[in-house]
Amino acid sequence: MNTQSHNFSVVNKILLLGFQRFENLTLLIFFLLLLVYCVTICGNLLIIGVVSSSRSLHSPMYFFLTQLSFSDILLSTTILPNMLRVVLYEGSYLSVTGCLIQFYFFAGSVALECLFLTVMSYDRYQAICNPLHYVSVIDLKFCIKVVLLFWFIVFLLVLIFSVSFSYLDFCGPNVIDHFFCDLDPILQLSCSDTFLIKMEDIILVIPLAITPFTIIIVFYVYIITTIVKIPTVTGRKKTFSTCSSHLTVVSVFYLSLSIIYLFPSEGIVKKILSLFYTILTPLLNPMIYSLSNRDVKRAIKKMMTIKNLVLVKC
């Protein structure tokens with residue numbers, strides 16, 4: 001597995017330990033995670049399918065929701081399949097290249113989540129605070145430009161990290177006490193100077209995570225201020241219901257992300273906290289939108305009714 005070079009052992013493979021404290025629950029955890037993965041993929045594909053097939057949902061907000069679902073699928077597929085292998089075999093080896101690729105996709109999908117949640121908050125801001133200008137500001141051309149821009153930003157993010165990691169040497173140990181390849185555990189395995197990459201990480205976090213979160217807060221301050229000014233209770237409830245799903249998703253995602261990175265922890269605590277934004281957030285997003293959004297629920301019921309009618313005719 002290792003080869004000798006320059007008096008140190010060059011690491012070719014990395015061992016992910018996973019949840020080794022729960023050996024007696026291996027099969028239970030495996031099937032639970034497999035169920036979560038299947039539900040996550042099906043739930044997000046359902047959102048994409050419903051929005052694509054329902055004319056009533058052909059609006060910018062739901063267009064961005066489909067992009068959020070794509071990023072959820074990307075995040076889940078980046079983490080869970082290999083995690084299932086780690087759990088089943090109570091630890092699993094991954095090549096250094098494979099580990100870095102997993103981190104690239106993980107970082108890119110998390111960045112996409114932050115960016116799409118931000119533009120969705122901007123959509124709600126325009127719809128509630130500037131309804132007369134909404135159609136002219138948030139049009140199809142704007143949506144396509146934003147999506148292409150976000151994917152280009154993520155491509156640059158991956159490119160920057162891949163160039164920086166290409167200068168690192170990994171010389172042991174080769175063990176990561178986690179269920180996926182995150183930045184800090186990877187850097188701990190390097191015998192090179194990681195100061196530059198750590199600085200890059202801090203610099204990139206500002207525009208891709210902190211700034212989007214700040215913008216979301218500002219938009220919701222304006223949104224809540226506008227809602228409070230609505231004279232009737234019914235009007236306030238109806239207006240708030242148009243952004244309640246998005247606000248819930250933002251709260252779950254950023255709360256879990258903030259806890260894991262602002263309050264660093266080790267061992268099993270860190271793993272459990274990491275589960276929230278790597279696994280539970282992609283699982284909950286389609287549930288939140290399908291259960292608390294009346295338009296989506298109505299579209300799903302309509303689609304199921306049409307499907308049943310087709311089956312009856314057949």
Side-chain angles (χ1 to χ4, degrees), residues 19 28-52 57 61-84 87 105-121 123-124 150 179-180 182 209 212-213 216-217 219-220 240-263 269-301 303:
F19 299 92
L28 177 63
I29 295 173
F30 175 82
F31 284 111
L32 181 61
L33 291 174
L34 181 61
L35 177 64
V36 168
Y37 183 55
C38 292
V39 172
T40 299
I41 299 300
C42 292
N44 282 288
L45 287 177
L46 176 64
I47 292 293
I48 294 169
V50 168
V51 172
S52 301
L57 300 181
M61 180 65 177
Y62 296 110
F63 174 73
F64 291 130
L65 177 58
T66 61
Q67 298 303 308
L68 185 66
S69 291
F70 276 122
S71 64
D72 282 336
I73 291 172
L74 179 62
L75 179 57
S76 296
T77 305
T78 299
I79 301 296
L80 269 167
N82 189 65
M83 184 179 175
L84 289 170
V87 170
F105 277 94
F106 162 70
S109 56
V110 170
L112 278 175
E113 294 259 349
C114 295
L115 294 172
F116 282 125
L117 288 174
T118 305
V119 75
M120 290 169 76
S121 69
D123 174 89
R124 292 300 84 201
F150 286 173
F179 57 82
F180 76 102
D182 203 353
F213 182 56
I216 291 171
I217 291 175
F219 281 145
Y220 269 102
F240 183 73
S241 67
T242 63
C243 61
S244 59
S245 299
H246 176 260
L247 185 59
T248 304
V249 169
V250 168
S251 301
V252 171
F253 179 73
Y254 271 103
L255 181 62
S256 56
L257 203 62
S258 300
I259 290 174
I260 193 68
Y261 288 109
L262 294 180
F263 306 100
V269 176
K270 183 175 182 178
K271 295 175 189 177
I272 292 173
L273 292 175
S274 297
L275 288 173
F276 280 92
Y277 72 93
T278 57
I279 295 175
L280 290 184
T281 299
L283 172 69
L284 293 176
N285 284 355
M287 292 183 180
I288 291 169
Y289 273 98
S290 61
L291 294 176
S292 62
N293 188 290
R294 288 180 296 179
D295 294 333
V296 175
K297 283 195 292 185
R298 193 180 300 116
I300 292 174
K301 287 180 181 178
M303 190 172 72

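Predicted model, so just to flag it, every value in this text is computed and none were measured.
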Full working for side chain to side chain contact (heavy atoms under 4.5 Å, CB included) between Val50 and Leu46: CA-CA 6 Å; Val50 168; Leu46 176 64; 3.8 Å; yes
Assess whether side chain to side chain contact (heavy atoms under 4.5 Å, CB included) is satisfied between Cys243 and Phe240, documenting all intermediate values. CA-CA 6 Å; Cys243 61; Phe240 183 73; 4.2 Å; yes
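- Contact of the Ser256 side chain with the Thr281 side chain is registered, since non-hydrogen atoms from C-beta on lie closer than 4.5 Å.
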Might you work through the side chain to side chain contact (heavy atoms under 4.5 Å, CB included) test for Tyr277 and Val252, ending with a clear yes or no? CA-CA 8 Å; Tyr277 72 93; Val252 171; over 6 Å; no
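- Side-chain contact check for Leu75 versus Leu112: every heavy-atom pair is 4.5 Å or farther apart.
- With a 4.5 Å cut-off on side-chain heavy atoms, Phe179 and Ile79 count as touching.
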Go through it in stages, so that I can follow the logic: the residues are Phe19 and Lys271, the test is side chain to side chain contact (heavy atoms under 4.5 Å, CB included), and I'd like the CA-CA distance, side-chain angles, deciding distance and then a yes or no. CA-CA 8 Å; Phe19 299 92; Lys271 295 175 189 177; 3.7 Å; yes
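- Counting heavy atoms from C-beta on, the side chains of Gln67 and Val119 never come closer than 4.5 Å.
- In terms of heavy atoms, Ser76 sits closest to Pro81 at O-CD, 3.5 Å.
- Within the 4.5 Å cutoff, the side chain of Glu113 has no heavy atoms near those of the Val110 side chain.
- Of all heavy-atom pairs spanning Met120 and Leu65, the tightest one is CE-CA, 4.1 Å.
- For His246 against Leu117, the heavy-atom pair with the smallest separation is NE2-O, 2.8 Å.
- Two residues are said to be in side-chain contact when any heavy atoms from C-beta on lie closer than 4.5 Å; Leu84 and Phe30 meet this criterion.
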